[in-house]
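Here is the structure we will look at, set down as structure tokens.
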Amino acid sequence: MSDRKSVFLETHNINNRATGLGTFNYELIKGLNQLSFDNLEIQLNSGKPDLLRNEFGDKFKYHKYRSFHRYKPFRPMEKFDLWHSVNQNSKLEPRTDTKYLLTIHDVNFVEEISADMNHKRNGLFIEKLNRATEITYISEFAKKQTHQYFQVPNVPEHIIYNGNPISTLLDTSNFVSSLPLDKPFFYTIGDFIERKNYVSIVNMMKLIKDFNLIISGNNNKKYGSVIRKLIDENGLQNRVFLTGKVSDRAKQYYMKNCTAFLFPSIREGFGLPPIEAMSFGKPVFLSDKTSLPEIGGDIANYWTDFDPEYMKNILFNGLENFDRNKEEIETLLKKRAASFDWKIAASDYLKVYNQILK
């Protein structure tokens with residue numbers, strides 16, 4: 001047993017599954033769980049290790065995360081052969097010098113918080129970069145964006161795409177929506193933050209009478225009130241609906257039954273929801289910004305700007321094209337979604353671990 005190398009996965013975000021990072025941590029662990037890694041002892045970090053132990057048993061070791069571990073004097077004592085910082089925001093770092101893999105999802109904070117390299121937020125990230133033995137990015141865009149703003153050390157870099165978070169199709173036949181479904185509807189889901197750009201699709205809905213729009217996600221934030229105000233001021237209360245956070249079953253119900261999935265986000269390191277929608281064969285309409293063209297490839301429809309009239313035209317032209325070639329496009333959409341696979345992603349991470357530990 002003693003020749004097994006120890007790998008620490010800094011996955012404490014796992015409890016917040018409603019976020020992209022929480023989903024990433026959980027799906028990566030689920031992917032690793034399907035693989036064999038007898039030469040490695042992988043330790044998961046979580047505030048609720050028992051939940052993970054119940055699900056994954058002895059496949060992993062478990063470390064209980066407490067918030068004070070973020071402070072230097074209280075960092076975990078154990079020495080690991082490899083520390084995997086699974087996202088660029090994690091404040092927990094190894095106590096001792098060790099091999100270090102950094103996974104970067106995006107560096108949006110440079111654009112959203114401060115471009116001043118002396119700002120604390122950028123300083124923390126630069127420390128991570130300088131500590132990295134190797135770096136993985138979740139998209140070509142994330143790599144490009146990191147190189148645009150930072151001096152990236154000359155270490156091996158890899159792109160490993162995330163998998164599709166819908167690994168199980170749920171039975172939604174008994175699902176009852178609390179919303180009126182008297183009209184066909186467009187759907188979107190995500191956190192209520194400005195970069196999701198929901199304003200653009202709500203404005204577009206002023207020009208569309210025969211469809212509703214349903215937006216899911218945690219809307220009790222500042223941006224949620226911006227959207228609610230926009231809906232009220234334009235008298236769209238009967239056509240644009242906010243569900244708040246939804247269960248997986250509700251999400252799959254809305255994806256399965258929508259006419260199209262809309263995702264006008266202006267900054268995404270990756271963008272999981274469009275992949276989920278494509279796995280139901282739904283036409284997706286994305287902004288052409290940041291990583292989204294890598295997700296949708298040439299099977300998605302893209303908005304290059306957010307003028308309501310223009311957005312409406314792209315939407316209806318895309319829907320017309322979809323209806324004309326429905327079977328063929330549905331097949332291509334599902335195939336595209338299936339190419340993003342967590343088992344493949346986890347296997348790529350394992351290869352990187354073994355390469356670093358060689």
Is [Y] close to [X] at the side-chain level, that is, under 4.5 Å between some pair of heavy atoms?
{"X": "Ile227", "Y": "Leu242", "answer": "yes"}
{"X": "Thr103", "Y": "His105", "answer": "yes"}
{"X": "Tyr100", "Y": "Leu82", "answer": "no"}

Practice problem: Carefully, step by step, assess Thr172 and Gln252 under the rule side chain to side chain donor-acceptor pair (under 3.5 Å). | Solution: CA-CA 7 Å; Thr172 57; Gln252 290 197 21; over 6 Å; no
Quiz item: Given the rule in the side-chain contact (heavy atoms from CB on, under 4.5 Å) test, do Lys59 and Phe37 qualify, once you have shown the distances and angles that lead to the verdict?
Solution: CA-CA 9 Å; Lys59 182 91 176 191; Phe37 43 85; 3.6 Å; yes
Assess whether a salt bridge exists between [X] and [Y], defined as any Lys/Arg side-chain N lying under 4.0 Å from an Asp/Glu carboxylate O.
{"X": "Glu140", "Y": "Lys143", "answer": "no"}
{"X": "Lys5", "Y": "Glu41", "answer": "no"}
{"X": "Lys99", "Y": "Glu134", "answer": "no"}
{"X": "Glu268", "Y": "Lys196", "answer": "yes"}
{"X": "Lys30", "Y": "Glu55", "answer": "no"}
{"X": "Arg53", "Y": "Asp50", "answer": "yes"}
{"X": "Lys229", "Y": "Asp232", "answer": "no"}
{"X": "Arg249", "Y": "Asp171", "answer": "no"}

Do the side chain of [X] and the main chain of [Y] share a donor and acceptor less than 3.5 angstrom apart?
{"X": "Thr11", "Y": "Asn45", "value": "yes"}
{"X": "Ser139", "Y": "Gly269", "value": "yes"}
{"X": "Lys245", "Y": "Asn219", "value": "no"}
{"X": "Thr146", "Y": "Ala142", "value": "yes"}
{"X": "Arg336", "Y": "Met278", "value": "no"}

Practice problem: Using the side chain to side chain contact (heavy atoms under 4.5 Å, CB included) rule, pick out the option among Leu292, Leu262, Asn313, Asn197 that qualifies with Trp303. | Solution: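 That would be Leu262; it is the only one of Leu292, Leu262, Asn313, Asn197 passing the side chain to side chain contact (heavy atoms under 4.5 Å, CB included) with Trp303.
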Does the separation of the ring centres of [X] and [Y] fall below 6.0 angstrom?
{"X": "Phe109", "Y": "His119", "answer": "no"}
{"X": "Phe125", "Y": "Phe150", "answer": "yes"}
{"X": "Tyr353", "Y": "His84", "answer": "yes"}

Quiz prompt | Atom CD of Gln355: over 12 foreign heavy atoms under 6.0 Å | solution = yes
Exercise. Can you spot which of Tyr254, Phe263, Phe280 makes a ring-ring contact (aromatic ring centres under 6.0 Å, His included) with Tyr187?
Key: Tyr254
Self-check item: Lys48 to Tyr62 six-membered ring, cation-pi geometry met (6.0 Å, 45°)
Solution: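 The answer is no, since Lys48 fails at least one limit relative to Tyr62.
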Exercise. Look up atom CD in Glu27 and atom CG in Leu272, then write down how far apart they are to the nearest 0.5 Å.
Key: 8.5 Å
Exercise. Would you please test Val152 and Glu157 for side-chain contact (heavy atoms from CB on, under 4.5 Å) and show each step?
Key: CA-CA 10 Å; Val152 177; Glu157 298 176 284; 3.5 Å; yes
